[in-house]
2 protein chains.
Amino acid sequence: MVRKTKEDAELTKRRIMDAARAVFLRRGVSRSTLEHIATEANVTRGAVYWHFKNKTEIFHAIREQVFLPLFDKVDDVLSHVPDSSKDPLSQIEASLCQTIQDLDASQTQREIYEIIMIKCEYVDEFAAVLHQILDNCSSLVEKYELAYQRAQAKNLIAPKLSAHALALDTHLFFGGLLHMWIKDSKGTQFRHQAIEMIKAHIDLRRKL
Amino acid sequence: MVRKTKEDAELTKRRIMDAARAVFLRRGVSRSTLEHIATEANVTRGAVYWHFKNKTEIFHAIREQVFLPLFDKVDDVLSHVPDSSKDPLSQIEASLCQTIQDLDASQTQREIYEIIMIKCEYVDEFAAVLHQILDNCSSLVEKYELAYQRAQAKNLIAPKLSAHALALDTHLFFGGLLHMWIKDSKGTQFRHQAIEMIKAHIDLRRKL
DNA sequence: TAATATACATACAAAGATGTATGTAAGCAA
DNA sequence: TTGCTTACATACATCTTTGTATGTATATTA
């Protein structure tokens with residue numbers, strides 16, 4: 001069968017991306033060949049080359065599937081300042097919990113995170129991805145910092161530390177949490193207590 | 001030239017490992033071939049195959065170069081309980097700072113960490129490495145927890161949180177810190193403030 | 001409905017990488 | 001000094017992977 005309609009073609013493209021995700025997860029990005037991906041998607045390499053220039057482009061397509069919506073969401077929860085019913089600390093907590101709950105709900109997201117974190121080598125074309133992630137992190141930290149400043153203004157936290165230090169600490173904590181969460185794919189070590197740990201992390205900042 | 005003495009041979013092996021480290025760092029583990037490594041070490045693939053079974057074995061040899069000494073050191077700083085001049089919180093702080101300072105001092109260590117964290121895909125033979133790391137982490141957390149318990153016993157920290165929660169929070173924080181530290185190879189974003197951030201993290205726990 | 005572009009499948013050539021087999025000169029032990 | 005072993009280098013066969021070129025049947029459009 002050849003020459004499908006446009007909708008059919010879009011479907012094939014999706015199938016290829018889904019297949020690539022599965023193959024990347026199983027064999028790592030480097031060891032995955034276009035042939036593997038094509039087979040998994042029940043097409044030939046011809047179809048793959050039609051929709052994507054090469055493996056790298058597939059990787060980026062998959063990545064964007066998760067990262068474009070992600071930052072919007074963080075913004076939503078964190079930056080929704082006006083007459084918020086929640087205090088700033090709870091906003092940060094909610095933002096972090098939201099990400100975890102999203103991961104809990106979506107296997108696709110989990111898989112993409114796993115690929116990005118431990119099934120990909122950041123060299124050459126992929127090195128740029130790292131810098132992009134780092135940049136995004138910076139803007140995240142800034143948002144945490146603003147929230148902590150609001151919390152300080154409302155006298156919710158002990159004035160031990162600067163908002164900046166608190167924001168960085170939270171950011172590193174959550175980075176570490178995400179890594180552990182992903183690596184603990186059996187869910188026995190970290191996943192089940194992730195939410196508690198976020199609450200604990202925030203509680204540590206609360207004035208009694 | 002052929003047939004060196006035993007000492008010469010050991011030297012060649014080291015040279016191959018050093019070369020492999022450089023090549024892994026530059027091209028990632030997967031894209032590195034034994035030919036690349038041999039060329040970098042100024043030998044032929046014959047020499048490489050003589051000293052190592054395959055690429056995986058080289059990787060493990062490099063890895064052990066760092067991880068075997070590492071855990072000893074953490075133990076040294078953290079578990080050296082008897083009549084310690086430092087309070088438990090400072091011990092934890094010192095242990096974390098020590099690791100960062102070690103990384104600061106040794107380019108070799110930095111490179112190996114970078115390879116392990118962002119230039120290697122954890123599939124197949126490498127998947128086991130991840131589990132090993134996770135296991136080591138668990139024992140680390142236990143050591144933090146013991147230290148925090150001692151701190152609680154000495155009434156050094158507010159009783160807001162359990163020692164277990166504090167230990168996990170510290171562990172995740174430091175995991176995140178290490179990742180950022182390594183990724184920020186230019187040193188502009190995180191490296192220069194790593195020590196401060198560790199102090200801030202610990203200070204957050206201190207009773208005023 | 002004829003022409004063209006689309007959505008693939010198939011075939012081919014070239015390069016890369018791996019493992020092994022074989023060669024060889026020098027060290028070392030008896 | 002002979003003979004065995006070590007520490008490699010060289011050569012070869014095989015498999016994989018990639019990119020591209022070509023074929024082709026069907027949508028789409030004018």
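Since we're looking at a predicted model, the values are computed, not measured. Below, chain A is the first sequence line, B the second, and so on; all start at residue 1.
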Got a sec, which pairs hit ring pair (Phe, Tyr, Trp, His ring centres under 6.0 Å) with one end in residues 34-56 of chain B, sequence neighbours left out?
->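 Qualifying pairs, neighbours excluded: none.
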Only pairs at least two apart or in different chains count here, so list each ring pair (Phe, Tyr, Trp, His ring centres under 6.0 Å) that has a residue in residues 160-192 of chain B.
->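 Applying ring pair (Phe, Tyr, Trp, His ring centres under 6.0 Å) to every pair that reaches into residues 160-192 of chain B, excluding sequence neighbours, yields A:His179-B:His179, B:Phe173-B:His201.
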Whole angstrom is fine here: how far is it from [atom1] in [X] over to [atom2] in [N]?
X	N	atom1	atom2	value
A:Ile16	C:dA7	CD1	C1'	10 Å
A:Asn54	D:dG19	CG	C1'	10 Å
B:Glu57	C:dG19	CD	C1'	15 Å
A:Glu10	C:dC8	CD	C1'	14 Å
A:Glu7	D:dT26	CD	C1'	14 Å
A:Phe52	D:dT18	CZ	P	15 Å

Tell me, please, which residues at least two apart from B:Ala163 pass side chain to side chain contact (heavy atoms under 4.5 Å, CB included).
->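 For B:Ala163 the side chain to side chain contact (heavy atoms under 4.5 Å, CB included) partners, ignoring immediate neighbours, are B:Glu145, B:Tyr148, B:Gln149, B:Gln152.
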Under the side chain to side chain contact (heavy atoms under 4.5 Å, CB included) test, residues paired with A:Ala38 that sit two or more places apart |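 Result, side chain to side chain contact (heavy atoms under 4.5 Å, CB included) vs A:Ala38: A:Val43, A:Arg45, A:Val48.
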Residue pairs fulfilling salt bridge (charged side-chain N to carboxylate O under 4.0 Å, His left out) with at least one residue in residues 26-41 of chain A, sequence neighbours excluded |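 Found A:Arg26-A:Glu40, A:Arg31-B:Asp124, A:Arg31-B:Glu125.
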Establish, with yes or no, whether the OP1 or OP2 oxygen of C:dC8 is under 4.0 angstrom from a side-chain nitrogen or oxygen of A:Thr12.
->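 Looking at the OP1 and OP2 atoms of C:dC8, one of them is under 4.0 Å from a side-chain N or O of A:Thr12.
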Does anything in residues 20-51 of chain A reach DNA chain C, meaning a heavy atom under 4.0 Å, and if so which residues?
->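 Result for residues 20-51 of chain A: A:Val43, A:Thr44, A:Gly46, A:Ala47, A:Trp50, A:His51, sorted by number.
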Side-chain donor or acceptor of B:Arg191 paired with backbone N/O of B:Lys186 under 3.5 Å |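 No, B:Arg191 side chain to B:Lys186 backbone: no donor-acceptor pair under 3.5 Å.
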